[in-house]
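Below: the structure, in structure tokens.
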Amino acid sequence: MPFYITTPIYYVNARPHLGHAYTTIVADVVRRYHQMRAEEVFFLTGTDEHGDKVVRAAQKEGLEPRPYVDRISQLFRDLWPDLNVIPDHFIRTTDPDHMEVVRRVLQKIYAAGDIYYSEYEGLYCFGCERFYTERELVEGKCPDHRTEPEVIREANYFFRMSRYQGWLIDHIQTHPDFIRPERYRNEVLAFLREPLGDLCISRPKSRLTWGITLPFDERYVTYVWFDALLNYVSALGYPDGGRFHTFWPAAQHIVAKDILKPHGIYWPCMLKAAGIPVYRHLNVHGYWNVEQGKMSKSIGNVVEPLQMKDRYGLDAFRFFLVREMTFGLDSNFSEAALVQRLNADLANDLGNLFSRVVSMTHKYFGGVVPEVAPEMARQFGLGLGPEALRTVAEYEQALEGFELQKAMAVVWEFIGRMNKAVDVAVPWELAKKKATLRQLEAVMSSLLKGLRLISGLIYPVMPDTAGRMQKHLGLDPAASFYLLEELKKWQPVPAGTRLPKAVMLFPRIETTPAEAETASPPKAAAAALKPEINIEDFGRIDLRVATVVKAEAVPKARKLLKLEIDMGERRTIVAGIAEHYAPESLIGRQLIVVANLKPAKLMGILSQGMLLAAGEDAGPVLIMPDKTVRPGTALR
Ligand code: MSP
């Protein structure tokens, strides 16, 4: 089966930043995942180079548009390999082939009568390169640029988009996951409840020459969105290219919420008018916010992605972006959050498990994977098999549905299960007696099998780490290893394999108090202290470590999450953290619970304890142990 994935083509009016990196890394993760399914994949990214935004950016640098766009486009092109992102094609809207396709499609729609000429007066934002209706403005200003639009009167060409409104509503309703997640589908449907106007698709050359000349009127260039959206088909060689026939029926786009409207409304209408079938899915993600504000070029609040990757490693950076953001919702980016994930999920949960298991194989078997009789494997194999298959099934389901963070949470649940299995099986005790040697072999073989599976499942997000793990499991990192079909076979690392010495996959980052301070925003003065208590008073509070097993929103309660926790025993806790933590982000996490607090009912659910959190003004910040500990462990 073919699979086609695209990112937006990025404007070349600014250097690449974290937001661009996120979308493109997500596309690369999805590409690698579909390759694991043995699908034929085509992954497209590129740059959007026409329009007055770009002209103004070039002028600012004292350059003509051409050398300017060449330079910035190259920055994007060069960034991707550094992020281990491997597109199959990098398109530029200044490519002659693309420009030709735009002219062809315009001519086709014009000939069909869906493009007409008319006089228009409207409120125009130069930053957005588009007209706004009064209704769309916020206090009379452009919602993005916060500037007042100018009144412009001119004759232009219009695309009869209004004609396709009924068809589009019907298409969205009959294809519930056409636009996903659902909140964005609802947003588009809400927009379509109002009459859809026609779209102005030209700009007079008196105002702008840097664009594609209309094929039916030399005096105009094409509106930048009508030009840009067509990249998705021109890159495949529309209309006659073989790639177009193979990949277009499987097209999926990834965009952030800022460009939902052009992709959810203009683009399907354009495709319909041009007689091209519509794409399969539009996958829409939220925004990375840096220090509370929207991160964009115009506001100038930018985190250089490469700085983070150079500091903490590329795989840790990719993992953080994928794991931290719930696809569809906004997320906050901070170095402190990245370090926390790196220490907890990578250095601790995965890294320790890996080095523990490999070192024990060296210690007990001289680094050679032991042979295990099937009967012994069944009896002492830690029961990981069914768990592994369930993990793969949930992982696939999450990735198909673009719930990337969940796919990672599922893998980490399995890692947690394996860490627990090591603690329960106590291999170091089994190694003490001859009588338990067979059992030890079965345990170690099963743990190595689990690591093998994990190395495959993390591949799309952390390809380098996957390769390193495989090398240290003595496996041949040949492509076939990554195939999901192979992973589902739950194969052991072959007996007799000689393992290289254990490595540390991720070094722990020690944060100095000074760094920890700069990582968090300045605080208001601390609240006055409560009256002194003695040790007995404190001793009456039973604080325990608990692992989150399940987390879900509480219907009709904006602030509440219902958590199922493992505290040695299972409990339910209702916590007022829904506005600050996505349920998926908590699964597998360890938290601190006040375990002997009198249970209370919240929204009809009995909450058996309370979570500890720092009461920041910006919202609660959950307290988590520094290392994974046995659930139920008491705090002293
Ligand atoms: N050129 C248009 C897209 C045309 S596609 C036919 C454009 N370019 S852009 O450079 O502004 O890129 C917007 C995209 O960059 C977003 O949709 C998203 O993919 C990514 N991001 C830019 N800033 C972002 C964040 N702060 N957070 C997450 N992604 C964001 O729009």
Side-chain angles (χ1 to χ4, degrees), residues 5-28 30 44-54 57 69 72-73 75-76 79-80 83 85 90-94 98 101-102 105 127-130 144-145 179 184 211-212 222-235 251-268 270-271 279 282-305 320-322 324-334 402 404:
I5 192 75
T6 71
T7 72
I9 47 170
Y10 304 113
Y11 283 131
V12 289
N13 62 341
R15 304 165 71 86
H17 62 65
L18 175 69
H20 307 126
Y22 173 73
T23 314
T24 319
I25 286 173
V26 164
D28 185 68
V30 171
L44 176 71
T45 188
T47 42
D48 188 354
E49 305 186 4
H50 290 129
D52 41 25
K53 238 183 216 192
V54 171
V69 298
I72 307 285
S73 176
L75 292 179
F76 279 91
L79 173 62
W80 306 136
L83 296 177
V85 164
F90 186 95
I91 190 166
R92 303 180 57 184
T93 51
T94 49
H98 166 77
V101 168
V102 173
V105 172
C128 302
E129 295 174 15
R130 57 166 278 211
D144 267 354
H145 293 87
I179 299 172
Y184 296 111
I212 302 175
T222 311
Y223 169 47
V224 70
W225 272 104
F226 204 95
D227 162 359
L229 286 161
L230 284 164
N231 91 89
Y232 300 133
V233 294
S234 71
Q252 294 207 29
H253 302 306
I254 309 177
V255 297
K257 62 183 186 181
D258 56 335
I259 50 176
L260 174 62
K261 195 171 159 188
H263 284 83
I265 296 180
Y266 306 172
W267 182 223
M270 284 167 63
L271 287 165
Y279 55 80
L282 178 64
N283 303 289
V284 188
H285 64 77
Y287 249 61
W288 281 100
N289 293 315
V290 181
E291 291 171 12
Q292 309 305 324
K294 185 175 144 182
M295 192 196 64
S296 81
K297 298 146 283 197
S298 9
I299 296 172
N301 177 8
V302 169
V303 172
E304 275 290 340
F320 172 74
L321 293 184
V322 171
E324 189 76 6
M325 175 173 265
T326 298
F327 195 90
L329 301 181
D330 290 355
S331 252
N332 287 319
F333 184 92
S334 79
F402 256 82
L404 280 77

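All residue numbers refer to positions in the sequence shown, counting from 1. Remember, it's 1-based here, ligands and their atoms both numbered in the order they're listed. The model shown is predicted, which means the values in this text are computed figures rather than measured ones.
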If we only count N/O pairs under 3.5 Å, is [X] in contact with ligand 1?
X	result
Tyr10	no
Pro8	no
Trp225	no
Thr23	yes
Ile9	yes

[X] vs [Y] side-chain heavy atoms within contact, under 4.5 Å:
X	Y	answer
Pro8	Ile259	yes
Asn283	Val30	no
Val102	Ser234	no
Ile254	Thr6	no

Next item on the list: Run through Thr94, Thr47, Ile9 and flag the one making a side-chain contact (heavy atoms from CB on, under 4.5 Å) with Ser73.
Entry: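 Between Ser73 and the candidates, side-chain contact (heavy atoms from CB on, under 4.5 Å) is satisfied uniquely by Thr47.
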
Which of the ligand 1 atoms, numbered from 1, are nearer than 4.0 Å to a heavy atom of [X]:
X	answer
Gly286	28 (C)
Tyr232	5 (S), 6 (C)
Asp258	13 (C), 16 (C), 17 (O)
His263	5 (S), 6 (C)
Asp48	1 (N), 2 (C), 4 (C)
His285	19 (O), 28 (C), 29 (N)
Trp288	25 (C), 26 (N), 27 (N), 28 (C)

Note to self: Below 4.0 Å from ligand 1: does a non-hydrogen atom of Trp267 turn up there or not?
What the structure shows: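 Contact check Trp267 vs ligand 1: negative.
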
Next item on the list: Please confirm whether Tyr22 comes under 4.0 Å of ligand 1, counting heavy atoms of the residue only.
Entry: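 No, that is not the case, since the closest heavy atom of the residue is not under 4.0 Å from the ligand.
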
Item checked: Whether His253 and Trp267 hold their rings parallel, tilted or perpendicular, with breakpoints at 30° and 60° ->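 Answer is tilted, since the angle falls between 30° and 60°.
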
Note to self: Ring-plane angle category for Trp288 and Phe333, please: parallel below 30°, perpendicular beyond 60°, tilted otherwise.
What the structure shows: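 Ring orientation, 0 to 90° scale: perpendicular.
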
Notebook entry, point to check: Roughly how far apart are Asp330 CG and Tyr287 OH, rounded to 0.5 Å?
Noted result: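 Going from CG on Asp330 over to OH on Tyr287, the span is 9.5 Å.
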
Check: What part of Thr7 sits under 4.0 Å from ligand 1 if we count only heavy atoms: the side chain, the backbone, both or neither?
Finding: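 Contact part for Thr7 vs ligand 1: neither.
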
Next item on the list: For ligand 1, note which part of Lys257 has a heavy atom under 4.0 Å away: side chain, backbone, both or neither.
Entry: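 No part of Lys257 comes within reach of ligand 1.
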
Next item on the list: Determine, considering heavy atoms only, which of Ala14, Pro262, Gly19, Ala228 sits nearest to atom 30 (C) of ligand 1.
Entry: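 Result: the heavy atom closest to atom 30 (C) of ligand 1 is in Gly19.
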
Notebook entry, point to check: Among Val255, Ile259, Leu321, which one has a heavy atom closest to atom 31 (O) of ligand 1?
Noted result: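 Looking at heavy atoms only, Ile259 sits closest to atom 31 (O) of ligand 1.
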
Note to self: Regarding Tyr10 and Thr24, do their side chains bring together a donor and an acceptor under 3.5 Å, going by distance alone?
What the structure shows: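 Distance-only check passes for Tyr10 and Thr24.
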
Item checked: Modelled atom types, side-chain donor and acceptor of Tyr11 and His20, under 3.5 Å ->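 Their side chains do not contain a donor-acceptor pair, so the 3.5 Å distance test is not met.
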
Note to self: Any carboxylate oxygen within less than 4.0 angstrom of a Lys/Arg side-chain nitrogen, looking at Asp48 and Arg92?
What the structure shows: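 Judged by the 4.0 Å cut-off on N to carboxylate O distance, Asp48 and Arg92 do not form a salt bridge.
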
